[in-house]
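Here is the structure we will look at, set down as structure tokens.
Both counts, for ligands and for their atoms, begin at 1 and track the order of listing. Computed from a predicted structure; not experimentally measured. Residue indices begin at 1 and follow the sequence shown.
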Amino acid sequence: MRLKLNLSQVDTERYNITDNYDKALGIMAELREDKEDFTGWVNCPMELNDEFLGELEAAAEDIRSKCDLLIVIGIGGSYLGTAAMLEAIGGSKEGCPEVIYAGNNMSGTYLSGITAEMDKHETCLCVVSKSGNTMESKIAFSVLKEKLYAKYGDAAAERIVAITDPEKGSLREEVNEKGYKAFEIPGNIGGRYSAYTPGIMFPLAVGGVDIRAMVQGARDVATGDDFWKNEGINYALTRNALLESGKCIEVFEYYEPSMHLIGEWCKQLFGESEGKEGKGLFPASLTLTTDLHSMGQYLQEGQRTFFETVINILNPDGDVIIPESAGGTYAGKSLNDINQMAIQGVIKAHSNADVPIVQIEVENADEYCFGQLFYFLMMTAAVTGKLMGIDPFNQPGVEDYKAEIRKLLGQ
Ligand code: PA5
């Protein structure tokens, strides 16, 4: 396992962390049976075969040969996994198209900026929508598609890849009509649990990401029974126990700015999975040490209603040695070593101020390790949600604001 859960800064006895140990393992065993709606993600990494991964890679190679810019159109679970993984490993690999994102907001300024990029680049589109009916992605796809056809004529159709439900939704209908290259998001996998479906893995493959390593990471963590029995399950137990003790906010923290979108992905996974029936931890995220200069005061002395989850990359890719001119304290040291000291110093200070601190240690910033991390976090969200007594796979609350917007649009 290249992922480790460290609970040394959580008082596990005070918070009765192990109380629900058997229950949590039982929940996990049931999830693995995949008998419920929307649990297809649990065994998905193990079920992906070589032939299918080869098909994804071949289609990615075809798109790569046509463009230097891929625009991924999608929102929530239909783009965050792609964006998070790519950012965390340092972006598209050499010689692969740059990947940018549209359809994840309603800003005209933003979308006009994206259309301007299409003038400068050989472009392909990858539209990802499980339902095929989501407002933001539907609008962005229509705008960008018009532009693509204006630029390439009928050949534009060969520059579009659509990833959607196998049967339902207006995007599936359009695929059937226009014959775009298409992949499926299985019906029994919801957006925020779709990391190992083509919705995330296809655009990643276009960016040159080693999707086989990502899947292998997920497989190894998913089937690591010893890991789950000994430490893996404890993150779900800790989150649930801390919520029961009155901590209602979980602050995800990382010390590599390239982890920012992993934080956004965590917020979506946990917020949308748990926030229902008046329950759930409120997920927040901070990039440190940057945000210590804005939120450090609150973390140290504000209300004790939160706990911190530090996702620590142990061996980041780049480093610098600090020159003499920085002065005696810093000179000659590796900046990454100082960053690790900052992590330990901040953990000590916050721990002294009665903040429980979970540490998730990730060995490297690579596809395999993030493949492990995504799966670990998805299983944690599902098990914690069940311990909290809610359905972690639905999102009934997101319909209300959509209905209000539709009313304003006169629909
Ligand atoms: O996790 C979820 O289910 C959501 O965040 C969806 O991914 C998001 O709303 C986008 O939906 P769709 O893929 O249907 O466009």
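Distance check: F202 CZ to I63 CD1 gives 5.0 Å after rounding to the nearest 0.5 Å. Here the straight-line distance linking atom CG of L5 with atom CG of L7 works out to 4.0 Å at 0.5 Å rounding. Taking CG of N43 as the start and CZ of R219 as the end, the distance is 11.5 Å to the nearest 0.5 Å.
Atom 3 (O) of ligand 1 has G191 N, 3.5 Å as its closest protein atom, hydrogens excluded (heavy atom only). Scanning the protein for heavy atoms near atom 5 (O) of ligand 1, the closest one is Q268 NE2, 2.6 Å. Scanning all protein heavy atoms for the shortest distance to atom 6 (C) of ligand 1 gives G77 N, 3.9 Å. In terms of protein heavy-atom proximity, atom 2 (C) of ligand 1 is closest to E272 OE1, 3.4 Å. What sits closest to atom 12 (P) of ligand 1 on the protein, heavy atoms only, is T134 OG1, 3.3 Å. For atom 8 (C) of ligand 1, the closest non-hydrogen atom of the protein is I75 O, 3.6 Å.
Counting the atoms of ligand 1 from 1 in the order shown, those under 4.0 Å from a heavy atom of S78 are 7 (O), 12 (P), 13 (O). Less than 4.0 angstrom separates some heavy atom of R192 from each of these atoms of ligand 1: 1 (O), 2 (C), 3 (O).
When ring centroids are compared, Y193 and F393 come within the 6.0 Å threshold. For F252 and F270, the ring centers are positioned less than 6.0 Å apart. Between F282 and F306, the gap from one ring centroid to the other reaches at least 6.0 Å.
For E51, the CD atom is loosely surrounded, since the number of other residues' heavy atoms within 6.0 Å does not exceed 12.
For the pair S131 and ligand 1, the shortest N or O to N or O distance falls below 3.5 Å.
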